[in-house]
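Throughout, residue positions are numbered sequentially from 1 according to the sequence presented. The structure displayed is predicted, hence computed values, not measured ones. As the structure lists them, so they are numbered: ligands from 1, and atoms in each ligand from 1.
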Amino acid sequence: MTIERILDYAHSLIKKTIEPGDAVIDGTCGNGHDTAFLAELVGEEGHVYAFDVQEKAISNTKERLAEHGLANHTSLIHDSHANVQNYLKDKHQHNISAAIYNLGYLPGSDKSVVTKPEGTIQSVENVLETLKKGGLVVLVVYHGHPGGAEEKEAILDYVSGLDSKHYQVLHYGFINKKRTPPFILAIEKLS
Ligand SMILES: C[S@@+](CC[C@H](N)C(=O)[O-])C[C@H]1O[C@@H](n2cnc3c(N)ncnc32)[C@H](O)[C@@H]1O
């Protein structure tokens, strides 16, 4: 397989950006796959801030982290990612290396709880503010569910308008798949 699949490519981008000791954000921890991936990469000296609005997601992520011995350097935050700036330690303000969001609903759970355009954009805006130079925000945009198309349009509109002097934005996806395949938007902070 030459062309990386969506989730593999999202992880490749993150891997290239972060180093042990870094502070990073999982904007939608869900079942904790990305949180565990990030916690592994930043190691004991680093820190992961992981958000979700569902108690179930927080407990699933907690379990996954405990299983892999990754709980000590992760903050699990039961709140909207839109409030991210309220939770960062002083030493991590303006020193975040990367953030990842998987938009949509929690697989195997309540499909009516989905990420929303206003909350997602507010969160990305706040994270860009606190991201260090060379840092990266990766959004995996799932949009096949009710409300997904509106969120997709809003986020595409928002990232397209980011000033190219300060940010470059990548749009990565397979364009000949049936239905509504997910795609990646990755924002790199240049200055
Ligand atoms: C596609 S799932 C995330 C999957 C996850 N990355 C994983 O590895 O399993 C999307 C998650 O976003 C959460 N969510 C929805 N709105 C949110 C918000 N405003 N802030 C934080 N999380 C939110 C949902 O509860 C759901 O768990």
Side-chain angles (χ1 to χ4, degrees), residues 4-15 17-18 24-42 47-68 70-71 73-88 96 98-130 136-155 158-159 172-173 179-187:
E4 275 191 287
R5 302 283 203 258
I6 294 299
L7 290 178
D8 291 339
Y9 190 61
H11 283 188
S12 291
L13 288 169
I14 293 279
K15 239 186 207 166
T17 307
I18 67 184
V24 297
I25 293 167
D26 184 353
T28 53
C29 69
N31 290 319
H33 297 98
D34 290 332
T35 310
F37 169 75
L38 292 171
E40 193 87 62
L41 285 178
V42 299
H47 201 83
V48 184
Y49 296 91
F51 292 82
D52 208 290
V53 287
Q54 286 192 75
E55 187 58 55
K56 177 84 182 133
I58 297 292
S59 62
N60 287 356
T61 301
K62 192 172 186 180
E63 218 170 276
R64 184 175 299 276
L65 292 173
E67 262 169 36
H68 294 88
L70 296 166
H73 54 290
T74 303
S75 304
L76 292 179
I77 301 158
H78 186 201
D79 192 2
S80 170
H81 45 218
N83 301 323
V84 56
Q85 74 286 353
N86 297 346
Y87 295 93
L88 304 184
I96 295 293
I100 189 162
Y101 299 78
N102 270 235
L103 304 183
Y105 58 84
L106 178 63
S109 188
D110 184 353
K111 291 190 179 161
S112 70
V113 183
V114 293
T115 52
K116 299 268 172 54
E118 318 78 54
T120 302
I121 290 170
Q122 182 65 66
S123 182
V124 172
E125 229 164 38
N126 292 342
V127 168
L128 290 179
E129 196 49 41
T130 200
L136 191 75
V137 174
V138 175
L139 295 134
V140 181
V141 184
Y142 292 89
H143 53 99
H145 55 281
E150 290 76 14
E151 185 173 37
K152 175 186 95 165
E153 290 310 325
I155 193 84
Y158 168 70
V159 299
Y172 178 94
R179 299 201 198 97
T180 50
F183 61 89
I184 289 174
L185 295 170
I187 309 165

Judged on heavy-atom distance to [atom], which of [options] sits nearest?
atom: atom 27 (O) of ligand 1; options: Val114, Thr115, Asp52; result: Asp52
atom: atom 7 (C) of ligand 1; options: Pro107, Ala82, Cys29; result: Cys29
atom: atom 19 (N) of ligand 1; options: Ser109, Ser80, Gly119; result: Ser80

Per-residue contact class, Asp26 against ligand 1 - non-hydrogen pairs under 4.0 Å
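Under 4.0 Å from ligand 1, Asp26 contributes no heavy atoms.
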Return the closest protein heavy atom for [atom] as residue, atom name and distance.
atom: atom 2 (S) of ligand 1; answer: Tyr105 O, 3.3 Å
atom: atom 23 (C) of ligand 1; answer: Val53 CG2, 3.7 Å
atom: atom 10 (C) of ligand 1; answer: Asn102 O, 3.3 Å
atom: atom 6 (N) of ligand 1; answer: Thr28 O, 3.0 Å
atom: atom 9 (O) of ligand 1; answer: Asn31 N, 2.8 Å
atom: atom 20 (N) of ligand 1; answer: His81 N, 2.9 Å

Less than 4.5 Å apart, any side-chain heavy atom of [X] and any of [Y]?
X: Tyr101; Y: Val140; answer: no
X: Val141; Y: Ile184; answer: no
X: Asp52; Y: Thr61; answer: no

If only atom types and distance count, is the side chain of [X] paired as donor or acceptor with the main-chain N or O of [Y] below 3.5 Å?
X: Ser109; Y: Tyr105; value: no
X: Asn126; Y: Ala82; value: yes
X: His143; Y: Gly148; value: no
X: Thr120; Y: Lys116; value: yes

With only distance considered, is Tyr142 within less than 3.5 Å of ligand 1 through an N or O on each side?
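Tyr142 vs ligand 1: no N/O contact under 3.5 Å.
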Asn60 touching ligand 1 at heavy-atom level, < 4.0 angstrom:
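The answer is no: ligand 1 sits nowhere under 4.0 Å from a heavy atom of Asn60.
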Within the structure, is a non-hydrogen atom of Gly27 found at a distance of less than 4.0 Å from ligand 1?
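Distance cut 4.0 Å: Gly27 passes for ligand 1.
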Thr35 side chain to Asp26 side chain, donor-acceptor N/O pair below 3.5 angstrom:
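There is such a pair between these side chains.
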Polar side chain donor-acceptor pair, Thr74 to His47, under 3.5 angstrom
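Per modelled atom types, Thr74 and His47 side chains form no pair under 3.5 Å.
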Short list, please: which atoms of ligand 1 are under 4.0 Å from a heavy atom of Leu103?
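Under 4.0 Å from Leu103, ligand 1 has these atoms: 1 (C).
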